[in-house]
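Quick note: residue numbers are just sequence positions, from 1.
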Amino acid sequence: MSAGMLSGYRVLGFDLETTGFDYRSDRIVQFALIGSDVDGSYINLQSLVDPRVSIPPSTTQVHGITDDDVRGVGEFNQHVADIASMIEDSVIVGHNVVQFDWRFLEMECMRAGVEAPRPRAIIDTLVLARRLGIPGRHTLGHLCERFEIGMDRSHQADVDAAAALLLLWKILEAYQGKAERIILE
């Protein structure tokens, strides 16, 4: 990416793992915010979250997180202040973040009785890949493979958040100018 486009901002890869796909009834079990602060210092805020509901075995097969893993790690309302302070006024980058992760975050904030944080901008690498017409499948894994980004543990919030951020840089580098225009629209 034109580094200048995002210089001077906190830029964070964001990803969630959940108990399922429905933000209205499923819950967050892991979050990650990974990137850099305004001064360029590294940010890595991540944690498991106790959803206070059972994690379905089919979901555990996807991300590997079990009920035992989240027992006693703190419910969402114990993490929300840290999450909100990181996201507030930041540029958030994620893959399918608009349709999935952000909806879960907003719903969990509502359940916790707090206002959802307000990022400066949200950049969704899935939307960007589609708008650019990048050939092939647009899953995070396929796009990372296409742009030679290694992912040793996909469907873990920290790996997926970092991969989405790297993917953005690679897309901006490969589609100079065009990608930036789409982002700024």
Colleague: Please give me the minimum heavy-atom distance between C109 and F76, naming the atom from each residue.
Modeller: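 So the two residues come closest at N-CE2, 3.8 Å.
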
Colleague: Could you give me the CA-CA distance, side-chain angles and deciding distance for L140 and N96, then say whether side chain to side chain contact (heavy atoms under 4.5 Å, CB included) is met?
Modeller: CA-CA 9 Å; L140 181 59; N96 198 25; over 6 Å; no

Colleague: So do the side chains of F14 and I34 get within less than 4.5 Å of each other, counting heavy atoms only?
Modeller: no

Colleague: Identify the two heavy atoms, one from I122 and one from V98, that lie closest to each other, and give their separation to 0.1 Å.
Modeller: CG2-CG2, 4.0 Å

Colleague: In Å and rounded to the nearest 0.5 Å, what is the NZ to CG distance from K170 to L172?
Modeller: 12.0 Å

Colleague: Begin with the C-alpha distance, continue with both residues' side-chain angles, and end with the deciding distance and a verdict on side chain to side chain contact (heavy atoms under 4.5 Å, CB included) for T60 and D67.
Modeller: CA-CA 9 Å; T60 294; D67 291 334; over 6 Å; no

Colleague: Ignoring hydrogens, what is the shortest heavy-atom contact between G64 and D69? Give both atom names and the distance.
Modeller: O-OD2, 3.5 Å

Colleague: With sequence neighbours left out, which residue pairs that include part of residues 30-72 fulfil the ring pair (Phe, Tyr, Trp, His ring centres under 6.0 Å) condition?
Modeller: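 For residues 30-72: F31-H79.
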
Colleague: Taking D50 for the side chain and V73 for the main chain, is one N or O donor matched with an acceptor at less than 3.5 Å?
Modeller: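 Side chain of D50 to backbone of V73: no pair is present.
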
Colleague: Could you name each residue pair satisfying side-chain hydrogen bond (donor to acceptor under 3.5 Å, both in side chains) that touches residues 118-136, not counting sequence neighbours?
Modeller: E88-R118, D89-R120, H95-T125, E115-R118, R131-E185

Colleague: Would a hydrophobic clustering, with Ile, Leu, Val, Met, Phe, Trp and Tyr connected at side-chain separations under 4.5 Å, put L167 with I134?
Modeller: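 Linked within one cluster.
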
Colleague: In the single-linkage hydrophobic clustering (I, L, V, M, F, W, Y; side-chain heavy atoms under 4.5 Å), do I28 and F100 co-cluster?
Modeller: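 Same cluster: I28 reaches F100 through Ile, Leu, Val, Met, Phe, Trp or Tyr contacts under 4.5 Å.
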
Colleague: Do the side chains of V159 and L33 join up, straight or via other hydrophobic residues, at under 4.5 Å, putting them in one cluster?
Modeller: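 In one cluster with V159: L33, no.
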
Colleague: Determine yes or no for a side-chain-to-main-chain donor-acceptor pair under 3.5 angstrom, with D158 supplying the side chain and A32 the backbone.
Modeller: no

Colleague: I need the minimum non-hydrogen distance between A112 and N77, along with the two atoms involved.
Modeller: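 Answer, listing the atom of A112 first, then N77: CB-CB, 4.0 Å.
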
Colleague: With no hydrogens and no angle check, is any side-chain donor or acceptor of Q30 less than 3.5 Å from a backbone partner on E17?
Modeller: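 Such a contact is absent between Q30 side chain and E17 backbone.
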
Colleague: Answer with yes or no whether the side chains of W102 and E106 bring together a donor and an acceptor at under 3.5 Å.
Modeller: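 Result is yes, a qualifying pair exists.
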
Colleague: What pair of heavy atoms forms the shortest contact from L126 to H138, and how long is it?
Modeller: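 Shortest heavy-atom separation between L126 and H138 comes out as CD1-O, 3.3 Å.
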
Colleague: Roughly how far, to the nearest 0.5 Å, is CD1 of I183 from NZ of K178?
Modeller: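 So the gap between those two atoms works out to 13.0 Å.
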
Colleague: Once you round to the nearest 0.5 Å, how far does CD of Q46 lie from CG of D15?
Modeller: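 Those atoms lie 11.0 Å apart.
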
Colleague: Assess whether a salt bridge exists between E108 and R111, defined as any Lys/Arg side-chain N lying under 4.0 Å from an Asp/Glu carboxylate O.
Modeller: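 Between R111 and E108 there is a salt bridge, with a charged N closer than 4.0 Å to a carboxylate O.
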
Colleague: Which heavy-atom pair separates P119 from P117 by the least distance, and what is that distance?
Modeller: CD-O, 3.4 Å

Colleague: Is there a continuous path of hydrophobic side-chain contacts, each under 4.5 Å between heavy atoms, that joins L166 to V93?
Modeller: yes

Colleague: Do H155 and D160 make a side-chain contact, defined as non-hydrogen atoms from C-beta onward lying under 4.5 Å apart?
Modeller: yes

Colleague: Is the shortest heavy-atom distance from the side chain of L165 to the side chain of V11 under 4.5 Å?
Modeller: yes

Colleague: So, T66 and D68: side-chain donor and acceptor under 3.5 Å apart, yes or no?
Modeller: no

Colleague: Under the rule for side-chain contact (heavy atoms from CB on, under 4.5 Å), what residues qualify as partners of T19, not counting sequence neighbours?
Modeller: D26, R27, V29, P51, V53, I55, P56

Colleague: Between the main-chain N or O of I92 and the side-chain N or O of S90, is there a donor-acceptor pair closer than 3.5 Å?
Modeller: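 Absent.
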
Colleague: Ignoring hydrogens and angles, tell me if any N or O in the side chain of D39 forms a donor-acceptor pair with the backbone of S41 under 3.5 Å.
Modeller: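 Yes, D39 side chain to S41 backbone: donor-acceptor pair under 3.5 Å.
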
Colleague: Report whether V127 and L132 are members of the same hydrophobic cluster (ILVMFWY, side-chain heavy atoms less than 4.5 Å apart, transitive linking).
Modeller: no

Colleague: Any non-hydrogen side-chain atom of L12 less than 4.5 Å from a side-chain atom of L45?
Modeller: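 No, every pair of side-chain atoms sits at 4.5 Å or beyond.
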
Colleague: Working to the nearest 0.5 Å, report the span between CE of M110 and CG of L105.
Modeller: 11.0 Å

Colleague: Would you say the side chain of F104 lies within less than 4.5 Å of the side chain of D22, judging by non-hydrogen atoms?
Modeller: no

Colleague: Under the side chain to side chain contact (heavy atoms under 4.5 Å, CB included) criterion, do I123 and L168 qualify, and how do the steps go?
Modeller: CA-CA 8 Å; I123 301 173; L168 174 63; 3.9 Å; yes

